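Keep in mind that what you see is a predicted model, and the values were worked out from it rather than measured. Both counts, for ligands and for their atoms, begin at 1 and track the order of listing.
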Amino acid sequence: MAYEYSKYLRKGKIPHIWCPGCGYGIIMKSMIRAIDGMGWEKDDVVMTSGIGCASRLPGYIDVNTLHTTHGRSLAFATGVKVANPKLNVIAMGGDGDMTAIGGNHFIHACRRNINITCFVFNNHIYGMTGGQYSPTTPKGARATTAPFGNSDNQFDIAQLAIGAGATFVARTTTYHAVPMEKIMKQALEHKGFSVVEIIAGCPTGYGRKNKMASPSGMIEWQKEKSVAVEKFNAMSAEEKGDKFPIGVLHQETKAEYIEAYDANVGLS
Ligand SMILES: Cc1ncc(C[n+]2csc(CCOP(=O)(O)OP(=O)(O)O)c2C)c(N)n1
Ligand code: SF4
């Protein structure tokens, strides 16, 4: 039987703003199924986001939601979690929101290992404002602000999160909608700061400029370039080429921030 999404949707907010072929609808559906799978009361779930097409997602979901300022999803999420650690806090945003203007909040949330789940929607571009290049735009790719090709090296969001101390880091794509749900659930279950980087297509802001105008072409690209991490790790550098690993890339157990803080000041 088909999954019934209506319990989690704010129907008054539909139609959504996303373009036809945008990957974000796939992410929203996987996210709803993952949250539902946790069996939480909706009142105990808080979602925060910054600004951008990605950051519109919480507006469509009927839990407690905070649509904040650009790059500040994790700052608000941290405030909510510290005020009431019993809440299940999920922060999200686009690659621009989380790793450009919000980059400092992102690395420090990773470092603290606070028990928040962070979903980063990586469409390799600033979608909402018309396709300016972001920290994840590939070198050489075209953007409205890089008509001759982007000169900057790109961030690898998952590696950035691992390097900064996140204790659960995974990557998936919108091609992998069902595995995405499972990975999201693993991230929600993890105690500590968890990051899921989700590769998504923006046919409007990125695809049109980079010979991938059709949404299905962007999904084909994700299918072709992604490799399960176990297989990826066994490949030679030549075989890896421009492919990228997907799955759970890192998981460890480390003191959670609020518990460590409470113990330090004698509250537990
Ligand atoms: C302080 C501030 N600076 C700039 C903007 C303009 N702005 C809105 S969304 C956005 C980029 C969004 O890109 P991303 O986070 O990658 O999300 P996407 O739209 O691609 O999902 C920018 C620069 C803003 N709203 N606030
Ligand atoms: S501009 Fe890109 S990211 Fe924004 S809704 Fe359209 S396709 Fe999606």
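Under the 3.5 Å distance criterion, with hydrogens and angles disregarded, a donor-acceptor pair is assigned to the side chains of Thr136 and Asp95. For the residue pair Thr174 / Gln222, a side-chain donor-acceptor distance below 3.5 Å is found, with atom types taken as modelled. Residues Lys254 and Asn113 bring no donor and acceptor atom of their side chains to less than 3.5 Å of each other. Side-chain contact check for Ser6 and Glu4: at least one donor-acceptor pair (N or O, by modelled atom type) lies under 3.5 Å. Side chains of Tyr5 and Arg33: a donor on one and an acceptor on the other come within 3.5 Å. Side-chain contact annotation: Ser55 with His67, donor-acceptor N/O pair under 3.5 Å absent. For the residue pair Asp97 / Tyr126, no side-chain donor-acceptor distance below 3.5 Å is found, with atom types taken as modelled. Side chains of Ser73 and Thr48: a donor-acceptor N/O pair is present below 3.5 angstrom, by distance only.
The main-chain N or O of Ala158 is found under 3.5 Å from a side-chain atom of Glu197 such that the two form a donor-acceptor pair.
Protein heavy atom nearest atom 6 (Fe) of ligand 2, with residue, atom name and distance: Cys19 SG, 2.3 Å. The protein non-hydrogen atom at the shortest distance from atom 8 (Fe) of ligand 2 is Cys22 SG, 2.4 Å. Summary of contacts: the protein heavy atom closest to atom 25 (N) of ligand 1 is Ile51 CG2, 3.6 Å. Distance from atom 3 (S) of ligand 2 to its nearest protein heavy atom, with residue and atom name: Asn123 ND2, 3.4 Å. Nearest to atom 17 (O) of ligand 1 among the protein's heavy atoms is Gly94 CA, 3.8 Å. Residue, atom and distance of the protein heavy atom nearest to atom 20 (O) of ligand 1 are Gly127 N, 2.8 Å.
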Check your understanding: Which is it for Ser134 and His124 under the side chain to side chain donor-acceptor pair (under 3.5 Å) test, yes or no, and what are the steps along the way?
Key -> CA-CA 6 Å; Ser134 83; His124 304 110; over 6 Å; no
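Contact atoms of ligand 2 toward Tyr24: 3 (S) (distance under 4.0 Å to a heavy atom of the residue). The distance from ligand 1 to the heavy atoms of Ile101 drops below 4.0 Å at these ligand atoms: 1 (C). Heavy-atom proximity to Ala54, at under 4.0 Å, picks out these atoms of ligand 1: 21 (O). When each atom of ligand 1 is checked for a heavy atom of Cys53 under 4.0 Å away, the hits are 18 (P), 19 (O), 21 (O). For ligand 1 and Ile125, the ligand atoms under 4.0 Å from any heavy atom of the residue are 16 (O), 20 (O).
Under 4.0 angstrom from ligand 2, there are no non-hydrogen atoms of Tyr206. At a heavy-atom cutoff of 4.0 Å, ligand 1 is contacted by the side chain of Tyr24 but not by its backbone. When non-hydrogen atoms are compared, ligand 1 lies under 4.0 Å from the side chain of His70 (C-beta onward) but not from its backbone. Residue-level proximity to ligand 1 for Thr129 is carried by the side chain, the only part with a heavy atom below 4.0 angstrom. Neither the backbone nor the side chain of Ile125 has any atom closer than 4.0 Å to an atom of ligand 2 (non-hydrogen atoms only).
Taking a cutoff of 4.0 Å between a charged side-chain nitrogen and a carboxylate oxygen, Asp156 and Arg171 qualify as a salt bridge.
The shortest N or O to N or O distance between Asp97 and ligand 1 is under 3.5 Å. Below 3.5 Å of separation, one finds an N or O of Gly96 facing an N or O of ligand 1. Residue Tyr126 has no N or O atom closer than 3.5 Å to an N or O atom of ligand 1.
Comparing Pro215, Cys202, Cys53 against atom 4 (Fe) of ligand 2, the shortest heavy-atom distance belongs to Cys53.
Taking the six-membered ring where the residue is Trp, the centroids of Phe121 and Phe119 are separated by 6.0 Å or more.
Within the structure, ligand 1 lacks Thr69 among the residues with a heavy atom less than 4.0 angstrom away.
Taking the ring centre of Tyr257 as origin, the terminal cationic atom of Arg112 falls inside the region bounded by 6.0 Å and 45° from the ring axis.
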